[in-house]
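Contents: one structure, followed by commentary.
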Amino acid sequence: MTTAHASTAQVGAVSATTNANNRGRTRPAAPTREWLRKTVLRLALASVLAFCLLPIAFLAATSFKTRDEVLSGHFLPLAPTLANWSTVFDIAPLHRNLLNSLAVALVSVAVTLLIAVPATYAVVKLRRGPALAGALLSSYVAPPVVALLPLFFMMRHAGLNNSILGLGLVEGLMNVPVAFWLLRSFFKQVPVALDEAAWLDGVGYWRTLWRVNLPLLWPGLVSTGLICLILTYNEFLLASVLNSRPDIRTITVAISLFQGERVVNFGQMAAASLVGIAPVYLVALAFQKHLIGGLGAGR
């Protein structure tokens with residue numbers, strides 16, 4: 001009996017030592033796999049970032065090229081020049097065009113939120129008009145050029161053609177489906193019990209929206225407003241048709257004018273494009289967390 005117990009103890013000790021040695025040998029494998037996974041992920045993200053920044057780098061390089069160098073097809077300028085930057089502001093008042101674009105975008109965002117916020121609240125919390133919500137989202141599928149001619153005559157009869165207010169109003173209405181799609185998920189994150197408690201206390205729908213929901217929806221409102229602002233800032237079709245006065249021309253229309261009938265001033269157009277994208281890139285960089293939350297909210 002004693003010999004059997006001793007043998008069993010020895011076998012157990014040997015097994016424990018073997019398992020400990022095996023664990024000691026396999027332990028470094030986990031950090032190695034983690035390091036390899038992080039390295040592959042970083043390389044993939046760096047590749048995507050380089051791919052996204054490549055057009056911006058090409059624009060920056062083209063803005064320092066002469067016309068002959070642009071046509072030669074070289075990526076980097078062989079003889080960098082500042083002639084494009086010195087003449088682009090003399091050809092077009094880009095600072096005024098930038099202010100016009102920002103003014104139109106701000107008016108558009110205000111119009112969009114004033115309509116989309118109560119509409120989304122009515123559909124999500126009050127269960128009103130689900131069919132109307134589907135029709136609103138489906139209207140965004142149609143290309144804007146379909147409504148271009150009716151909008152032009154309606155704006156002319158209303159006296160809103162060639163005005164920042166008119167262009168901001170039209171583009172704000174065009175962005176309502178996008179804002180509704182983004183705000184819907186944010187409203188769903190606010191518990192309905194809060195609204196029901198306010199209703200039981202005799203608070204009306206508007207005050208419930210203003211006092212209960214909006215304080216909890218500020219991140220969603222900011223991200224939705226930023227996305228609609230960028231969409232309006234980059235819009236070209238409506239801005240080129242509804243406005244024909246040079247003093248209220250937006251930056252997208254101003255950049256397109258560098259393309260003449262026979263000659264395209266690629267260097268000046270590249271410089272003007274960099275000036276045009278600088279404000280929206282700074283806004284996106286400053287509010288990137290809100291933009292990511294808004295883009296991932298449409299579910």
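Residue numbers start at 1 and run along the sequence shown. Heavy-atom basis, side chains included; hydrogens, waters and symmetry copies ignored.
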S101 (side chain) donor-acceptor with I251 (main chain) under 3.5 angstrom
yes
Test item: D195 and Y121 side chains (from C-beta on) under 4.5 Å apart, heavy atoms
yes
Which of parallel (below 30°), tilted (30 to 60°) and perpendicular (above 60°) describes W199 and Y205?
perpendicular
Scan the side chains in residues 75-92 for donor-acceptor partners under 3.5 Å anywhere in the protein, sequence neighbours excluded, and list what turns up.
| from | atom 1 | to | atom 2 | distance (Å) |
| --- | --- | --- | --- | --- |
| T81 | OG1 | A83 | N | 3.2 |
| N84 | ND2 | S63 | O | 2.9 |
| N84 | ND2 | K65 | O | 2.8 |
| W85 | NE1 | S63 | OG | 3.3 |
| S86 | OG | L82 | O | 3.3 |
| S86 | OG | A83 | O | 2.9 |
| T87 | OG1 | A83 | O | 2.8 |
| T87 | OG1 | N84 | O | 3.4 |
| T87 | OG1 | Q268 | NE2 | 3.4 |

Scan for side chain to side chain donor-acceptor pair (under 3.5 Å) pairs involving residues 167-177, sequence neighbours excluded, and state none if there are none.
N175-T232
With ILVMFWY side chains joined below 4.5 Å, transitively, what does L53's cluster contain besides itself?
L49
Results of ring pair (Phe, Tyr, Trp, His ring centres under 6.0 Å) for F236 - residues two or more places apart only:
none
Has N162 got a side-chain atom pairing as donor or acceptor with S244's backbone, closer than 3.5 angstrom?
yes
Student check: side-chain heavy atoms of V283 and L226 closer than 4.5 Å
yes
Less than 4.5 Å apart, any side-chain heavy atom of L98 and any of P279?
yes
Would you check if V70 and T66 make a side-chain contact, meaning some heavy-atom pair closer than 4.5 Å?
no
Backbone N/O of T208 and side chain of N213: donor-acceptor pair under 3.5 Å
yes
Can you list every side chain to side chain donor-acceptor pair (under 3.5 Å) pair that touches residues 146-156, not counting sequence neighbours?
none
For a side-chain contact (heavy atoms from CB on, under 4.5 Å) check, start with the C-alpha distance between T250 and L167, then their side-chain angles and the critical distance, and finish with the verdict.
CA-CA 10 Å; T250 59; L167 183 58; 4.2 Å; yes
Besides V192, the hydrophobic cluster formed by Ile, Leu, Val, Met, Phe, Trp and Tyr side chains linked at under 4.5 Å, directly or via other members, contains none
I would like to know whether V253 and N243 meet side-chain contact (heavy atoms from CB on, under 4.5 Å); could you show each step before the answer?
CA-CA 10 Å; V253 179; N243 283 345; over 6 Å; no
